[in-house]
Q: 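One structure follows; several queries about it will come next.
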Amino acid sequence: MMRTVPELPEVETVRRGLQHLLGTSSVIARIELLRRDLRRRLPAALATHFTGQPITALGRRAKYLLFETPVGTLVSHLGMTGTWRLAQPGAEREHDHCYVHLRDGRRLAYRDPRRFGMLELQLPGAVLPVLKLLGPEPLVVEDFHATYLHGRTRGRAVALKTLIMDQRVVVGVGNIYAQEALFRAGLKPARKARTLRRAELERLVAEIRTVLTEAIAAGGSTISDFRQAGGDGGYFQHNFQVYDRAGQSCAVCATILRGGVVGGRGTSWCPSCQR
DNA sequence: CGAATCACCTGATCGC
DNA sequence: TGCGATCAGGTGATTC
């Protein structure tokens with residue numbers, strides 16, 4: 001099955017799946033840490049801090065999942081290969097790093113083969129340093145708009161694609177949706193950020209928002225063990241127009257899509273549609 | 001300071 | 001068939 005790295009739509013899909021599973025009355029019995037050396041070392045306090053606490057809400061900030069409890073928040077980043085799933089006895093898998101045992105007997109498992117993800121503990125009233133640096137949510141219209149983005153592009157020589165993947169500028173956009181949004185906006189990934197005109201900034205903001213919204217509606221691009229009711233996982237991957245399509249023809253103008261490296265990552269674009 | 005590059009990690013894929 | 005090389009990329013550190 002095709003897997004893609006979790007960006008905002010995939011994390012939001014996981015959040016909804018978890019929220020559906022957990023409802024509003026799930027209580028944590030205990031947390032079991034199988035190995036702590038993920039991208040950052042998991043705090044040992046995770047194992048005991050949440051014992052007996054209800055999960056009052058399932059939130060999301062950028063690509064971080066937030067398990068809210070009265071004594072703090074379990075913050076989870078999926079990195080590139082992280083997944084949450086329900087794992088009943090016997091369903092253990094290699095690379096399961098954390099089990100959240102619920103009082104009703106169910107067990108949530110965090111699995112992450114590459115260990116690029118992380119779990120953190122955030123106390124009430126505190127904000128983790130990694131969350132402090134984050135830019136605006138792209139789907140919050142009053143926070144993310146052309147005027148804001150103009151301020152962040154001024155004087156910046158950085159490639160446009162790198163800019164919109166910078167989580168300090170705007171959150172949730174990774175290598176896939178950056179490429180898709182730039183294609184839709186008709187902007188070349190390597191374009192220097194400072195050269196954008198007002199109308200182009202407006203298009204970029206609009207297309208980032210649109211592609212993320214469409215992807216959320218499609219349940220993301222398949223990555224998760226959580227499924228929408230009656231569905232079989234996300235299906236937005238069928239809507240990719242440039243991602244991983246270098247050498248194939250543009251869906252709009254049939255020009256052969258180009259491939260290269262921008263910001264150290266594989267990138268493809270239409271040399272005709274994108275300027 | 002901003003921009004570019006590297007490191008982290010495992011599984012899938014490719015070429016010989 | 002086997003095996004080493006290569007690639008994938010979110011994020012934070014390092015280098016230029």
Side-chain angles (χ1 to χ4, degrees), chain A residues 1-15 34-42 60-66 75-84 93-98 109-120 127-135 137-138 149 151-182 189-196 208 212 215 220-225 236-237 240 242-247 259-269:
Chain A
M1 176 176 285
M2 175 167 181
R3 298 179 56 83
T4 68
V5 165
E7 300 182 29
L8 189 150
E10 289 73 34
V11 177
E12 177 61 20
T13 298
V14 172
R15 187 195 71 78
L34 287 79
R35 75 179 289 173
R36 293 172 57 204
D37 56 330
L38 272 60
R39 189 169 204 299
R40 288 217 295 270
R41 188 162 181 81
L42 306 189
R60 179 188 60 75
R61 172 75 173 105
K63 300 173 189 173
Y64 295 85
L65 289 165
L66 310 172
V75 179
S76 158
H77 193 292
L78 301 176
M80 296 182 57
T81 54
T83 54
W84 282 98
R93 295 191 64 183
E94 190 184 6
H95 307 303
D96 283 349
H97 305 316
C98 171
Y110 178 70
R111 178 172 187 268
D112 185 3
R114 265 153 111 169
R115 290 185 282 129
F116 277 17
M118 72 117 178
L119 296 173
E120 270 288 356
V127 181
L128 288 178
V130 289
L131 300 184
K132 270 189 184 149
L133 298 172
L134 295 173
E137 289 285 332
L149 198 55
R152 303 303 301 258
T153 58
R154 248 184 311 205
R156 301 283 310 271
V158 70
L160 196 48
K161 173 170 171 261
T162 304
L163 183 91
I164 62 175
M165 288 175 63
D166 184 340
Q167 303 299 296
R168 295 168 299 185
V169 173
V170 60
V171 302
V173 179
N175 196 40
I176 294 172
Y177 294 106
Q179 292 175 63
E180 294 300 316
L182 288 167
R191 177 92 172 262
K192 286 191 193 312
R194 66 181 175 217
T195 67
L196 287 221
I208 287 173
L212 294 177
S221 304
T222 295
I223 57 150
S224 159
D225 290 308
F236 191 77
Q237 64 274 16
F240 291 159
V242 285
Y243 173 71
D244 203 26
R245 292 198 66 235
V261 175
V262 177
R265 297 291 178 230
T267 306
S268 41
W269 69 94

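The basis for the numbers below is simple: all heavy atoms, side chains too, and nothing from hydrogens, waters or symmetry mates.
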Q: For Lys192(A) and for Arg35(A), locate the closest nucleotide of DNA chain B by heavy-atom distance; then report the residue assigned to the nucleotide nearer the 5' terminus.
A: Lys192(A)

Q: Could you check if a side-chain atom of Tyr64(A) sits within less than 4.5 angstrom of a side-chain atom of Leu128(A), using non-hydrogen atoms only?
A: no

Q: When Asn175(A) is tested against each of Glu180(A), Glu7(A), Lys161(A) for side-chain hydrogen bond (donor to acceptor under 3.5 Å, both in side chains), which residue passes?
A: Lys161(A)

Q: May I have the distance from Arg152(A) (atom CZ) to dC1(B) (atom P), rounded to whole angstrom?
A: 14 Å

Q: Just by protein heavy atoms under 4.0 Å, how would nucleotides 9-16 of chain C read 5' to 3' in B, S and -?
A: BBBS----

Q: Do the side chain of Arg111(A) and the main chain of Gly82(A) share a donor and acceptor less than 3.5 angstrom apart?
A: no

Q: Is Glu137(A) paired with Arg60(A) through a side-chain N to carboxylate O contact shorter than 4.0 Å?
A: yes

Q: When you measure from the side chain of Arg115(A), which nucleotide among dT10(B), dA3(B), dG11(B) comes out closest?
A: dT10(B)

Q: Short question: side chain of Arg61(A), backbone of Leu65(A) - any donor-acceptor pair under 3.5 Å?
A: no

Q: On the nucleotide dC9(B), are OP1 or OP2 found under 4.0 Å from the side-chain N or O atoms that His95(A) carries?
A: no

Q: Round to a whole Å and report the spacing from CG of Leu160(A) to C1' of dA3(B).
A: 15 Å

Q: Figure out the CZ/P separation between Arg194(A) and dG2(B), and round it to whole Å.
A: 13 Å

Q: Take the angle between the ring planes of Phe236(A) and Tyr177(A) and call it parallel below 30°, perpendicular above 60°, tilted in between.
A: tilted

Q: Find the distance Arg93(A):CZ to dG11(B):P and express it as a whole number of Å.
A: 10 Å

